[in-house]
Novice: 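Sharing a structure with you now.
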Amino acid sequence: MMGGRKISVITTTNNRRQSLSRLLDAIGRQSYPMEDIEVIVVCDACSDDTLEFLKNYAAAFILKYTEQPGLGAGNARNQGAAMASGEQFIFLDDDIEPSPGLVQSYVDAFADERSVVVGYLPMELKRDAGFYHIMLTSWWEEKYYKMSRPGYRHQYEDLLSGNFSLGAEMFRAVGGFDQTFRCREDYELGYRLIKAGAKIRFNKKAWGYHRDEVTDEARSHKRKRMEGYWDLAFAKLHPEMIPRLRFSEMRHPSKGKQLKMFLAFHLPFVTDTLAYMGRIMLRFFERMKMRKRWQKTDEKLHAYWYMRGVGDHVKNAGALKEIFKLEKTHAHHSFHDLDLSKGIARAETELDALECQAVCFHFSGKHIGKVVTRPGEEGIRGKDLRPLLADRFAWELMEALVLRDICDDKKGLI
């Protein structure tokens with residue numbers, strides 16, 4: 001394989017020396033030239049033998065490492081980026097085992113300095129996998145399937161920090177990760193990247209196994225609580241995103257939800273106890289093979305812990321209403337009129353030149369339809385046109401084509 005482009009692989013770790021060893025070994029088996037790869041490891045509050053292991057690790061590539069006192073993943077990734085000298089960054093979590101062609105695939109997919117490429121992370125499903133891991137694997141695969149569909153317009157939440165790549169220049173231009181965030185830091189960066197005009201793409205060839213050996217229901221619920229807390233921080237920083245964040249469901253709560261919010265915000269010791277009992281019930285439902293009951297209970301528990309995290313941030317419903325007051329009125333987009341009768345290829349070129357936020361399609365004077373982007377969503381480009389017409393406006397376009405043919409026939413008779 002040809003090299004030449006200097007690549008910096010950045011990973012953070014916390015007391016997972018064995019996982020880190022597996023990651024480094026896999027990087028050493030990359031098809032990309034070793035002399036063009038450097039790996040930066042940031043040890044975030046490691047108290048095991050990770051540092052000693054790194055000191056003695058015989059790497060085929062350039063290996064750099066540092067430590068910090070538990071400042072979080074966003075801060076650690078920024079520290080790694082500050083130490084990096086490569087033209088292109090690849091961020092990998094320490095529990096990833098990259099395929100031999102991962103680095104080369106990222107280099108091949110890097111079209112220009114606005115490229116942000118998200119790789120694929122399949123999860124191995126064990127034979128004795130429980131309901132939770134089956135559900136989690138299904139969620140991951142569904143997300144990657146959507147991202148791989150033709151014409152998919154990427155969202156802020158498609159930036160998955162466990163396996164993605166972008167240019168060093170772009171990363172520094174947007175300011176890297178927000179170091180104050182302890183959760184949602186990847187989504188927040190994804191939002192700023194899209195706002196800065198980044199082109200997010202999914203590349204299935206840049207894959208690595210996700211060797212997650214620690215996540216379970218309890219850890220997932222803890223994560224959901226953090227998401228609730230940090231979604232509020234996200235909203236304060238980017239108020240235009242409020243309608244797209246899950247807590248927006250609490251804007252006009254039903255009486256039942258109002259009661260749940262009151263209990264979660266003011267009597268959490270009661271609701272937490274009930275939630276812990278619910279987690280015990282999950283085990284019972286799984287043992288009894290009651291999959292639907294397990295799924296419904298799990299959904300309710302995740303919803304509760306998210307609400308609990310919101311309560312950690314705002315403390316009461318009145319403070320939450322103040323967050324909603326921050327929401328910015330959506331700016332009225334100026335629609336770009338796109339005449340499809342001049343040819344699809346020409347329309348695609350026109351869209352690529354403009355990268356519109358709002359498009360009105362018409363064909364020989366007949367209205368076909370409108371598309372408006374939402375905050376945190378990529379603009380409309382040429383690659384989106386054919387899938388949009390096939391998925392959303394096929395009937396309208398067919399009507400316009402038939403009317404044109406009828407009119408042409410009438411003109412011929414005259």
Side-chain angles (χ1 to χ4, degrees), residues 1-14 16-44 50-51 53-66 73 76-113 115-124 140 144 147-148 159-171 186 200-213:
M1 290 287 181
M2 294 296 291
R5 187 173 181 82
K6 302 300 180 184
I7 305 300
S8 296
V9 180
I10 300 166
T11 188
T12 68
T13 190
N14 172 251
R16 294 206 288 194
R17 196 265 299 166
Q18 288 186 334
S19 295
L20 179 64
S21 175
R22 182 176 56 216
L23 168 65
L24 296 179
D25 289 348
I27 294 173
R29 296 190 293 269
Q30 290 296 300
S31 59
Y32 200 73
M34 289 294 111
E35 61 269 22
D36 292 327
I37 298 176
E38 67 172 3
V39 177
I40 298 98
V41 180
V42 182
C43 304
D44 192 35
T50 298
L51 277 171
F53 161 74
L54 288 169
K55 290 175 184 177
N56 297 307
Y57 187 80
F61 42 81
I62 299 169
L63 177 62
K64 303 176 183 178
Y65 55 89
T66 187
R77 293 188 187 107
N78 285 351
Q79 290 296 324
M83 295 171 62
S85 59
E87 305 163 61
Q88 184 176 345
F89 294 164
I90 297 175
F91 289 92
L92 293 174
D93 280 353
D94 63 359
D95 59 357
I96 307 303
E97 184 179 352
S99 61
L102 179 138
V103 172
Q104 184 68 55
S105 296
Y106 271 132
V107 172
D108 293 343
F110 195 81
D112 55 49
E113 287 304 318
S115 296
V116 177
V117 187
V118 178
Y120 177 44
L121 288 178
M123 297 179 69
E124 284 189 311
W140 271 105
Y144 287 126
M147 290 167 64
S148 66
L159 189 80
L160 305 173
S161 57
N163 181 20
F164 83 103
S165 177
L166 79 171
E169 186 177 327
M170 171 63 89
F171 183 81
D186 46 0
I200 299 179
R201 293 294 175 266
F202 171 60
N203 182 9
K204 195 170 185 177
K205 293 181 180 179
W207 68 275
Y209 283 118
H210 188 193
R211 307 289 192 186
D212 186 355
E213 297 158 351

Novice: Taking the side chain as every heavy atom from C-beta outward, state whether Ser85 and Lys6 have any pair of such atoms under 4.5 Å apart.
Specialist: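 A side-chain contact under 4.5 Å is absent here.
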
Novice: Using side-chain heavy atoms (C-beta onward) and a distance below 4.5 Å, is Ser99 in contact with Leu102?
Specialist: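 Yes, at least one pair of side-chain atoms sits under 4.5 Å.
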
Novice: State whether the number of non-hydrogen atoms from other residues, nucleotides or ligands found under 6.0 Å of Glu35 atom CD is greater than 12.
Specialist: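 More than 12 within 6.0 Å, yes.
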
Novice: With a 4.5 Å cut-off on side-chain heavy atoms, are Arg22 and Ser19 touching?
Specialist: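 A side-chain contact under 4.5 Å exists here.
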
Novice: Can you measure from CZ (Phe164) to CG (Asp186) and round to the nearest 0.5 angstrom?
Specialist: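 CG of Asp186 is found 8.0 Å from CZ of Phe164.
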
Novice: To the nearest 0.5 Å, what is the distance between CG (Asp95) and CZ (Arg16)?
Specialist: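 Those atoms lie 4.5 Å apart.
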
Novice: Could you report the tightest heavy-atom contact between Ala26 and Glu97, atom names first, then the distance?
Specialist: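 Scanning both residues completely, I find the closest heavy atoms to be CB-CG, 4.1 Å.
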
Novice: Among Asp36, Ile37, Ile7, exactly one meets side chain to side chain contact (heavy atoms under 4.5 Å, CB included) together with Gln30. Which residue is that?
Specialist: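 When Asp36, Ile37, Ile7 are each tested with Gln30, the side chain to side chain contact (heavy atoms under 4.5 Å, CB included) holds only for Ile37.
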
Novice: What's the spacing between Arg77 CZ and Ile10 CD1 if we round to 0.5 Å?
Specialist: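 Result: 10.0 Å between the selected atoms.
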
Novice: Quick one: sort the Trp140 and His210 rings into parallel, tilted or perpendicular, breaks at 30° and 60°.
Specialist: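 Rings of Trp140 and His210: perpendicular, over 60°.
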
Novice: Hey, what do you get for CG (Leu20) to CG (Asn14), rounding to the nearest 0.5 Å?
Specialist: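 Between Leu20 CG and Asn14 CG, I get 11.5 Å after rounding to 0.5 Å.
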
Novice: Show your working on side chain to side chain contact (heavy atoms under 4.5 Å, CB included) between Asn163 and Trp207 and close with a plain yes or no.
Specialist: CA-CA 8 Å; Asn163 181 20; Trp207 68 275; 5.6 Å; no

Novice: Thinking salt bridges, do Asp94 and Arg211 make one under a 4.0 Å N-O criterion?
Specialist: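 Looking at Asp94 and Arg211, the cut-off is not met.
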
Novice: Does the side chain of Leu63 come within less than 4.5 Å of Val41's, by heavy atoms?
Specialist: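 When only atoms from C-beta onward are counted, Leu63 and Val41 do touch, with a gap below 4.5 Å.
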
Novice: Give the minimum heavy-atom separation between Thr12 and Ala76, together with the two atoms involved.
Specialist: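 Nearest pair, atom of Thr12 first, then Ala76: CG2-CB, 3.3 Å.
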
Novice: How close do Asp44 and Ala73 get, counting heavy atoms only, and between which atoms?
Specialist: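 What the structure gives for the nearest pair is OD2-N, 4.4 Å.
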
Novice: State, yes or no, whether a side-chain contact exists between Phe171 and Asn78 at a heavy-atom distance under 4.5 Å.
Specialist: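 Answer yes - side chains close enough.
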
Novice: How close do Arg5 and Val107 get, counting heavy atoms only, and between which atoms?
Specialist: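 Closest heavy-atom pair between Arg5 and Val107: CD-CG1, 4.2 Å.
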
Novice: So among Ile90, Ile62, Ile27, Leu92, which one has a side chain to side chain contact (heavy atoms under 4.5 Å, CB included) with Val39?
Specialist: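 When side chain to side chain contact (heavy atoms under 4.5 Å, CB included) is applied between Val39 and each of Ile90, Ile62, Ile27, Leu92, only Ile27 qualifies.
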
Novice: Does the ring centre of Tyr106 sit less than 6.0 Å away from the ring centre of Phe110?
Specialist: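 No: the rings miss the under 6.0 Å criterion.
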
Novice: Between the main-chain N or O of Met83 and the side-chain N or O of Lys64, is there a donor-acceptor pair closer than 3.5 Å?
Specialist: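 Flag set: sc Lys64 to bb Met83 pair under 3.5 Å.
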
Novice: Is any side-chain heavy atom of Cys43 less than 4.5 Å from a side-chain heavy atom of Leu54?
Specialist: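 A side-chain contact exists here, since the closest heavy-atom pair is under 4.5 Å.
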
Novice: Any heavy-atom pair between the side chains of Phe61 and Leu24 that's under 4.5 Å?
Specialist: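 Yes, close enough: below the 4.5 Å cut-off.
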
Novice: Could you check whether any side-chain heavy atom of Tyr144 comes within less than 4.5 Å of a side-chain heavy atom of Leu160, counting everything from C-beta outward?
Specialist: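 Side chain of Tyr144 against side chain of Leu160, heavy atoms only: contact under 4.5 Å found.
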
Novice: Report yes or no: do Gln79 and Thr66 form a side-chain donor-acceptor pair below 3.5 Å?
Specialist: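 On atom types as modelled, these side chains do not qualify, holding no pair under 3.5 Å.
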
Novice: To check you understand the geometry: which heavy-atom pair defines the closest contact between Gly86 and Ser8, and what is its length?
Specialist: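 That closest heavy-atom pairing would be N-OG, 2.9 Å.
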
Novice: Should the pair Phe202 and Tyr120 be assigned to parallel (<30°), tilted (30 to 60°) or perpendicular (>60°) ring geometry?
Specialist: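 Perpendicular, since the angle between the ring planes exceeds 60°.
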
Novice: With rounding to the nearest 0.5 angstrom, report the CG to OG1 distance, Asp93 to Thr11.
Specialist: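 Result: 6.5 Å between the selected atoms.
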
Novice: For residues Ser31 and Gly101, report the shortest heavy-atom separation together with the two atoms involved.
Specialist: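 Closest pair (atom of Ser31, atom of Gly101, distance): OG-CA, 3.8 Å.
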
Novice: Looking at CE of Met170 and OG of Ser115, how far apart are the two atoms once the value is rounded to the nearest 0.5 Å?
Specialist: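 Spacing of CE (Met170) from OG (Ser115) equals 8.5 Å.
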
